[in-house]
Amino acid sequence: MVESLGVAVVGFGWMGRVHTQAYARVPHHYPRLGLRPHLVTVAEDVPGRAEEAAARFGFASATRDWREVAADPRVRAVSITAPNFLHREIGVAMAEAGKHIWIEKPVGLTAADAQAVADAVAKAGVQGTVGFNYRNAPAVEAARDLIASGEIGTVTHVRVRLFSDYAAHPDSALTWRYERERGGSGVLGDLASHGADLARHLLGDIASLTADTAVFIPERARPTGATAGHTLATGGTLGPVENEDYVNCLLRFASGARGVLEACRVSVGEQNNYGFEVHGTKGAVFWDFRRMNELGVSRGATYQDQPVSTVYVGPGDGEFGAFQPGAANAMGYDDLKVIEAYRFLRSVAEGIPHGATLQDAVRGAAVLEAMVRSAESGAWVDVPSGA
């Protein structure tokens, strides 16, 4: 028997839409899951946006006040896709109201914010899943298994990159994303948080790091109306960009491996250039998000001049088999969020976590805060144990 689970989405920008569509697709890809999500309500404070979302996607109701969602007995699980500065308040309130939460990273602006949500989830006995979607790619899971198996030997070093151009236009509106109080640490929270999670997911705890940051576009025009995504704004009053456009970080892992993590939101010519290169004593593995369904793998015993093979993921890798019947059939970004939704709902059904947890968010936030401290001091900074 399939149980209906009332779900809500709080914040209906692009990511709110992605979560909504993921809920709708879960039964198609995971018909044996014992829960079927039912779209109860959507909350968004921009006038008219929640009503439009309800009409388009089939929510039973709409509201401009997320507090109504917390009080709604029909809702048992909530997607939190509002701006970062609201994550702590909404996340804690939803957990205290007994709602399971699927929350986008970086879960607030600080490690303390992430910890507060994690504590509320633990105290309430509900499930919490975090939107570190790139770890859900079947190729990433295959790479993790390959590394753990020892096929590339002992890992010596890794490079993780996240380059994008979404903020490269000098006329991009000065939204909350560029404010320290509401947008936190800029590209650190937006992109480097994914990089820190991938690094930890693949290689384990980060022990220490040193980082450098920069702001390359110091002023932007203030928007004159509601914004969505990365809106352009010309002619408005200029204001300062308060948080980081770029970060470069050297990592030391608890295992002894070394790493480089680099992220930038103003890289002209780069569109979602995300990926990693992991080198070991006997081989290497490479992944590029833009070629999401394949890996570059070097393994063997020749060491010098050892070739790299292209390996296409297939039904035996991660959740690939829930989407495609054979290797080299492509999956896309939205499929990663369907996997994430499935793991969230499975966590609710079974009462144990599947996928990225609030503790992953806390540990990732500790890495980001170490980057900020290092950039300010110019020194190596230890990362708290377990991060």
Side-chain angles (χ1 to χ4, degrees), residues 2 5 7 14-37 39 57-58 79 81 102 104-105 129-149 151-152 160-162 164 194 197-198 201-202 271-278 283-299 307-350 353-356:
V2 177
L5 182 78
V7 301
W14 169 68
M15 187 54 71
R17 176 183 60 77
V18 173
H19 276 231
T20 301
Q21 292 176 161
Y23 283 129
R25 291 179 57 196
V26 164
H28 305 160
H29 296 280
Y30 299 96
R32 293 182 178 85
L33 181 66
L35 288 178
R36 178 155 298 188
L39 299 177
F57 294 99
S79 279
T81 56
W102 175 15
E104 277 304 314
K105 45 70 42 204
T129 294
V130 181
F132 289 123
N133 40 263
Y134 300 110
R135 64 158 63 192
N136 298 321
V140 172
E141 299 197 62
R144 188 173 188 247
D145 291 344
L146 184 74
I147 293 165
S149 73
E151 285 197 58
I152 65 170
V160 182
R161 69 186 186 282
L162 297 107
S164 188
H194 282 300
D197 182 69
L198 282 173
H201 189 59
L202 294 170
Q271 296 85 38
N272 301 326
N273 182 359
Y274 309 152
F276 56 75
E277 302 144 23
V278 181
V285 59
F286 311 89
W287 181 69
D288 185 334
F289 168 66
R290 297 171 301 179
R291 303 175 71 92
M292 192 179 82
N293 304 289
E294 62 187 67
L295 291 173
V297 180
S298 178
R299 53 190 164 189
V308 177
S309 300
T310 297
V311 177
Y312 297 103
V313 295
D317 299 308
E319 295 293 329
F320 187 91
F323 296 83
Q324 298 294 350
N329 287 290
M331 290 176 61
Y333 174 88
D334 283 15
D335 296 329
L336 303 185
K337 302 307 275 191
V338 176
I339 295 170
E340 202 165 272
Y342 161 67
R343 288 175 171 164
F344 171 51
L345 296 171
R346 185 181 173 192
S347 299
V348 173
E350 298 179 4
H354 295 278

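The structure presented is a predicted model; accordingly, all values stated were derived computationally and were not measured.
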Exercise for review: Working to the nearest 0.5 Å, report the span between OG1 of Thr310 and CG of Leu295.
Suggested key: 9.5 Å
Point to revise | Test item: side-chain donor near acceptor, Glu104 and His19, under 3.5 Å | key: yes
Revision key, fill the gap. Tightest non-hydrogen contact, residues Ala22 and Ala341, listed as CB-CB, 4.0 Å
Practice item. Indicate the atoms forming the closest heavy-atom contact of Gly355 with Arg343, along with that distance. Key: CA-CD, 4.2 Å
**Study point:** Residue list, side chain to side chain donor-acceptor pair (under 3.5 Å) with Asp334, at least two apart or on another chain
**Key:** none
Practice item. Apply side-chain contact (heavy atoms from CB on, under 4.5 Å) to the pair Glu141 and Phe320, showing each step before the final yes or no. Key: CA-CA 10 Å; Glu141 299 197 62; Phe320 187 91; over 6 Å; no
Review point. Less than 4.0 Å between a side-chain N and a carboxylate O, is that true for Asp197 and Lys105?
Key: no
Exercise for review: Kindly indicate whether the side chain of Val140, heavy atoms from C-beta on, has any atom under 4.5 Å from the side chain of Trp287.
Suggested key: yes
Review point. So which heavy atom on Asp317 is nearest to which on Pro138, and how close?
Key: O-CB, 3.5 Å
**Study point:** Non-neighbouring partners of Phe289 that pass ring pair (Phe, Tyr, Trp, His ring centres under 6.0 Å), sequence neighbours left out
**Key:** Tyr134, Tyr274
Review point. Side-chain contact, heavy-atom cut-off 4.5 Å: Val297 with Glu151?
Key: no
Review point. Roughly how far apart are Asn133 CG and His194 NE2, rounded to 0.5 Å?
Key: 5.0 Å
Exercise for review: Measure the CD1-CZ distance between Ile339 and Arg346 for me, rounded to the nearest 0.5 Å.
Suggested key: 13.0 Å
Review point. So do the side chains of Leu162 and Val160 get within less than 4.5 Å of each other, counting heavy atoms only?
Key: yes
Review point. Taking only residues two or more places apart in sequence or in another chain, which ones pass ring pair (Phe, Tyr, Trp, His ring centres under 6.0 Å) with Tyr333?
Key: Trp14
Study note, to complete from the structure: Scanning both residues in full, the closest heavy-atom pair of Phe132 with Ala356 reads CD1-CB, 3.9 Å
Practice item. Heavy atoms only: give me the nearest Ala139-Glu294 pair and the separation to one decimal. Key: CB-O, 4.2 Å
Practice item. State, yes or no, whether a side-chain contact exists between Leu345 and Val26 at a heavy-atom distance under 4.5 Å. Key: yes
Exercise for review: Rounded to the nearest 0.5 Å, what's the gap from NE2 on His201 to CZ on Arg144? Could you check?
Suggested key: 4.0 Å
Check your understanding: Which residue pairs satisfy the side chain to side chain donor-acceptor pair (under 3.5 Å) criterion with at least one member in residues 22-31, sequence neighbours excluded?
Key -> Tyr23-Ser79, Arg25-His29, Arg25-Asp335, Tyr30-Glu319
Exercise for review: With side-chain contact (heavy atoms from CB on, under 4.5 Å) as the test, would you mind laying out the steps for Lys337 and Met15 before giving the verdict?
Suggested key: CA-CA 10 Å; Lys337 302 307 275 191; Met15 187 54 71; 3.9 Å; yes
Exercise for review: Using atom types as modelled and distance alone, determine if a side-chain donor or acceptor of Ser298 lies under 3.5 Å from a backbone N or O of Pro307.
Suggested key: yes
Review point. Just wondering, do His354 and Phe344 contact through their side chains at under 4.5 Å, heavy atoms?
Key: no
Point to revise | Contacts of Ser347 that satisfy side chain to side chain donor-acceptor pair (under 3.5 Å) - sequence neighbours left out | key: none
Revision key, fill the gap. So CZ of Arg161 and CG of Asn273: to nearest 0.5 Å the spacing works out to 4.5 Å
Exercise for review: For residues Met292 and Leu336, determine if any side-chain heavy atom of one lies less than 4.5 Å from a side-chain heavy atom of the other.
Suggested key: yes
Study note, to complete from the structure: Nearest heavy-atom contact between Asn272 and Ser164 is OD1-OG, 3.8 Å
**Study point:** Validation row: Arg291, Phe286 side chains within 4.5 angstrom (heavy atoms)
**Key:** no
**Study point:** Any residue meeting side chain to side chain donor-acceptor pair (under 3.5 Å) with Gln271, in chain and number order, not counting sequence neighbours
**Key:** Asp165
**Study point:** Atom pair CD (Gln324) and CG (Asn329), whose distance is rounded to the nearest 0.5 Å
**Key:** 4.5 Å
**Study point:** Close side-chain approach of Asp288 and Phe276, heavy atoms under 4.5 Å
**Key:** no
